[in-house]
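Reminder, nothing fancy here: chain letters follow the sequence lines and each chain counts from 1.
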Protein chains: 2
Amino acid sequence: MLFTHMVERQEADRLAAILKASSDPSRRSILTLLAQEGPLRITDIAARYDISLNSVSKHIKVLEAAGLVTRRTEWREHLIEIQMEPLSLVDQWFNELRSIWALRLDALEAALKEDDND
Amino acid sequence: MLFTHMVERQEADRLAAILKASSDPSRRSILTLLAQEGPLRITDIAARYDISLNSVSKHIKVLEAAGLVTRRTEWREHLIEIQMEPLSLVDQWFNELRSIWALRLDALEAALKEDDND
DNA sequence: CCATCATTCACCCAAACGGTTGACTGACTT
DNA sequence: AAGTCAGTCAACCGTTTGGGTGAATGATGG
């Protein structure tokens, strides 16, 4: 059905964004930092690393696009907060993979048992 | 302790490899294919896509380096099999993140309760 | 009125990436 | 002896990516 495909496509894109965003070590480090310290300004985050403020700003935008982070802008100060929810989409993909794999094994086992009866 | 750090470093590198490997759509698709069809030759995999055999061969090498796939070489035929175990390392990282985050919230809550008593 | 501050924007650069093509290897088929 | 087959290696191309610099913005504080 068309609608289902659209939803699936959307989810696939979201998954892609999440995985790509978390595939970079700097961004993973920023996520950890945000998890332990709570919401931080971009400047505060940049202060922890020896990369430029600009670079951090770009990383935040990538994380934001993936939904891994949200931004609360209070005039010139942007408070960045980690968002855990998107991780579940990755969990979901893993579980799908695992169940597809298990399904095939089950079928294989059944086929073997069938062979026994011959 | 030095030894612990070495182990952690190793694990971090492995996590990085796994996330980067699964951040590409073609590679994710290949993984799904392998999950549902079982071990396949590189040629068989390539036949499913309109990218060259060479390109698939490279993707397989990336997946192999991440441990997401193993190779059983029977002379010129290379049987590629999906490996689920590495996914648990990503699960593990997610859970660490979530627990770090929860820990901070707990501390925050405790501090608020403390304030109430003033 | 001028400086400061937090952030983004517009470029620039080098490295990495996904993909291609072409040559090579080594056994099996004809 | 020649050709096919499965896969790798090496070189190349265009695009993306992570990083950097410098300027712009726009309210706030001297």
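Looking at heavy-atom distances under 4.0 Å, A:Asp50 makes contact with sugar-phosphate atoms alone, never a base. Using a 4.0 Å heavy-atom criterion, one finds that B:Ser26 contacts the sugar-phosphate atoms exclusively.
For the pair A:Lys61 NZ and D:dT17 P, the interatomic distance rounds to 13 Å; values are reported in whole Å. Distance A:Glu77 CD to D:dT25 C1': 16 Å, rounded to the nearest Å. In this structure, B:Leu53 atom CG and C:dT20 atom P are separated by 10 Å, rounded to whole Å. Rounded to whole angstrom, the span from the CD1 atom of A:Ile30 across to the P atom of D:dG18 amounts to 11 Å. Taking atom CD1 on B:Ile80 and atom P on D:dA6, their separation rounds to 14 Å, with Å as the unit. To the nearest angstrom, P of D:dA6 lies 15 Å from CZ of B:Arg71. Rounded to whole angstrom, the span from the CZ atom of A:Arg72 across to the P atom of C:dA6 amounts to 17 Å. Regarding A:Asp24, its CG atom lies at a distance of 5 Å from the P atom of D:dG18, rounded to whole Å.
Inter-residue side-chain proximity for A:Arg98 and B:Leu87 is flagged as met; some heavy-atom pair is nearer than 4.5 Å.
Judged by distance alone, the side chain of B:Arg27 and the main-chain N or O of B:Ala21 form a donor-acceptor pair under 3.5 Å. Not one N or O on the side chain of A:Arg71 forms a donor-acceptor pair closer than 3.5 Å with the backbone of A:Glu64. A:Tyr49 places no side-chain N or O within 3.5 Å of a backbone atom of A:Val56 that could act as its donor or acceptor partner. Listed for the A:Ser55 side chain is no donor-acceptor partner under 3.5 Å among the backbone atoms of A:Ile51.
Rounding to the nearest 0.5 Å gives a distance of 7.5 Å between OG of A:Ser88 and CD1 of A:Ile18. To the nearest 0.5 angstrom, B:Leu31 atom CG is 5.0 Å from A:Trp93 atom CH2.
Within the structure, a side-chain polar atom (N or O) of B:Ser57 is placed less than 4.0 Å from OP1 or OP2 of D:dT8. In this structure, B:His59 reaches the C:dG19 phosphate: one of its side-chain N or O atoms is under 4.0 Å from OP1 or OP2. At least one side-chain nitrogen or oxygen of A:Thr43 sits closer than 4.0 Å to the OP1 or OP2 atom of C:dT7. Side-chain N/O atoms of A:Arg41 include none lying less than 4.0 angstrom from OP1 or OP2 on C:dC5.
Remark: the A:Lys58 side chain and the D:dG19 base include a donor-acceptor N/O pair separated by less than 3.5 Å.
Of the candidate nucleotides D:dG19, D:dA6, C:dT20, C:dT20 has the atom lying nearest to any side-chain atom of B:Ser52. The side chain of A:Ile51 has D:dG20 as its nearest neighbour among D:dG20, C:dA16, D:dG7. With D:dT8, D:dT21, D:dT17 as the choices, the nucleotide that has an atom nearest any side-chain atom of B:His78 turns out to be D:dT8.
Using a 4.0 Å cut-off between charged nitrogen and carboxylate oxygen, B:Arg28 and A:Glu96 do not count as a salt-bridge pair.
Of the two residues contacting DNA chain D, namely A:Lys20 and B:Ile42, the nearest-nucleotide position lying further toward the 5' end is that of B:Ile42.
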Name the pairs: protein N/O against N/O of nucleotides 23-30 of chain C, kept only if under 3.5 Å.
| residue | atom | partner | partner atom | Å |
| --- | --- | --- | --- | --- |
| C:dA27 | O4' | B:Trp75 | NE1 | 3.4 |

